[in-house]
Participant: 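Please read through the structure below; I'll follow up with questions.
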There are 2 protein chains.
Amino acid sequence: MRLTTKGRYAVTAMLDLAFHSERTPVTLMDIATRQTISLSYLEQLFSRLRRAEMVVVVRGPGGGYQLSRPVAEINISDIIKAVDEQIDSTQCGGETNCQNQKACLTHDLWMGLSNQIHHYLASISLADLLERKPIQEVASRQEQDVEHLIELRREVIVRL
Amino acid sequence: MRLTTKGRYAVTAMLDLAFHSERTPVTLMDIATRQTISLSYLEQLFSRLRRAEMVVVVRGPGGGYQLSRPVAEINISDIIKAVDEQIDSTQCGGETNCQNQKACLTHDLWMGLSNQIHHYLASISLADLLERKPIQEVASRQEQDVEHLIELRREVIVRL
DNA sequence: ATATAGTTGACTGATTTACTGGGTTAAGGA
DNA sequence: TCCTTAACCCAGTAAATCAGTCAACTATAT
Ligand code: FES
Ligand code: FES
């Protein structure tokens, strides 16, 4: 399997949206500040998330992103698949052909592992994560940490 | 997490040993031929497997490798850990510090995934894999495919 | 002695990651 | 109608990782 920062950032960003986009859209700049992810990198990820119809976009001033459906209907494996293309532990990518067009000795094992991982991640929704105490704590810590930065940005904008 | 050909090859090679090293040691050359893995690459992997005491070695002519304990006592996660160092899905490697020395939003989630994967792979032993029908079939197919190559090598050796 | 077979470390080409920049397009407000 | 916001898109790139090679060495059986 491959699980890189791409998939991790995507889930982190979606969870950030889940926490903050209930009423108004959230800009990538806000997410970038709260989650310390590069803005340009987020743009790439959201381009894919939008194409996968995980988020909806509002352009222009006051715009940003919102989740496309209720948090209970968005699961982690969908998010990862949207940006990372596959959640597959096999060498062959499911083609059963990694040893001269035939099955290798361990194909079976990796298929089992892939299924295991897939079921686990598919069983967890953003709603589940929102409920977890440790995650709520991190989220509120992040808000406090960067509150002044985001406010500052807003004030500067207003003043100009 | 990272699961690369390194870990996959190691499991494949150990399974090959499980099938063939019951009586006499198996050379890396034989494994390389049956599993179509580069000999030099196998050497690297077995150097680690030996240090992790997963295999025992017999040097010199007629030598090779054997499993260090019964197949039922060798599980997949041990093999992968021996060559791949970690079976961890977190960014922080369990340090809980990937966002300015503090926990990121999704640390909890990746820890859960890591545990899930670990338990799954730890629950499977080489003995379990040996019993699986599809794996037995692949193993016997491989033996037939390369039998003549290995025999040929033996004959050439005898003749010299 | 000599061939077998494992041991070790350095090294390399190819690919992927994570990220940056620059310019474009859509929408709201003065 | 400008100007600004903020998403969109594409090309490029430094660094890391992977998969594998090479070469020189040691131990052992015949
Ligand atoms: S992993 Fe599918 S054939 Fe090897
Ligand atoms: S994954 Fe552990 S702190 Fe981010």
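Convention: sequence-line order gives letters A, B, ...; per-chain numbering from 1.
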Participant: Verify the distance criterion only: is there a donor paired with an acceptor across the side chains of Lys102(A) and His107(A) at less than 3.5 Å?
Facilitator: no
Participant: If you only use heavy atoms from C-beta on, which nucleotide in dT7(C), dT21(D), dA18(C) is closest to the side chain of Val57(B)?
Facilitator: dT7(C)
Participant: Could you state the OH-P distance from Tyr41(B) to dG13(C), rounded to the nearest angstrom?
Facilitator: 18 Å
Participant: With sugar-phosphate meaning primed atoms plus P, OP1 and OP2, does Tyr65(B) contact a base, only sugar-phosphate, or nothing at under 4.0 Å between heavy atoms?
Facilitator: sugar-phosphate
Participant: Give the intermediate values and the outcome of side chain to side chain contact (heavy atoms under 4.5 Å, CB included) for residues Val56(A) and Ser68(A).
Facilitator: CA-CA 5 Å; Val56(A) 290; Ser68(A) 63; 4.0 Å; yes
Participant: Looking at dT7(C), I'd like to know if its phosphate oxygens (OP1 or OP2) sit under 4.0 Å from a side-chain N or O belonging to Arg50(B).
Facilitator: yes
Participant: Would you compute the distance between atom CG of Leu113(B) and atom CG of Asp88(B) and round it to the nearest 0.5 angstrom?
Facilitator: 9.5 Å
Participant: Please tell me whether Arg34(A) and Gln142(A) have a donor and an acceptor in their side chains that are separated by less than 3.5 angstrom.
Facilitator: no
Participant: To the nearest angstrom, how far is Arg51(A) atom CZ from dC10(D) atom C1'?
Facilitator: 11 Å
Participant: Send over the distance from Glu43(A) CD to dA6(D) C1', rounded to a whole Å.
Facilitator: 9 Å
Participant: Just the rounded figure in Å: distance from P of dA6(D) to CG of Leu42(A).
Facilitator: 15 Å
Participant: Could you check whether Thr12(A) and Arg8(A), counting side-chain N and O atoms only, form a donor-acceptor pair closer than 3.5 Å?
Facilitator: no
Participant: Please check the phosphate of dT16(C) (OP1 and OP2 only) for any side-chain N or O of Thr4(A) closer than 4.0 Å.
Facilitator: no
Participant: Let me spell it out: for each of Ser40(B) and Gly64(B), pick the nucleotide of DNA chain C with the closest heavy atom. Which residue's pick is nearer the 5' end?
Facilitator: Gly64(B)
Participant: Do any side-chain nitrogens or oxygens of Tyr9(B) fall under 4.0 Å of OP1 or OP2 in dA19(D)?
Facilitator: no
Participant: Measure the distance from CD1 on Ile37(A) to P on dT17(C) and round it to the nearest whole Å.
Facilitator: 17 Å
Participant: Considering only heavy atoms and no angle criterion, is a donor-acceptor pair shorter than 3.5 Å present between the side chain of Arg59(A) and the base of dT25(C)?
Facilitator: yes
Participant: In whole angstrom, what separates Gln66(A)'s CD from dA7(D)'s P?
Facilitator: 12 Å
Participant: With respect to the phosphate group of dT4(C), does any side-chain polar atom (N or O) of Thr27(B) fall under 4.0 Å of OP1 or OP2?
Facilitator: no
Participant: Hey, does the side-chain of Gln44(A) have a donor or acceptor N/O within less than 3.5 Å of a partner on the base of dC9(D)?
Facilitator: no
Participant: Using only side-chain N and O atoms of Ser38(A), determine if any of them is under 4.0 Å from OP1 or OP2 of dT20(C).
Facilitator: yes
Participant: Measure CG/Leu28(B) against P/dA5(C) and give the value in whole Å, please.
Facilitator: 10 Å
Participant: Starting at atom NZ of Lys6(B), determine the distance to atom P of dT21(D), rounded to an integer number of angstrom.
Facilitator: 15 Å
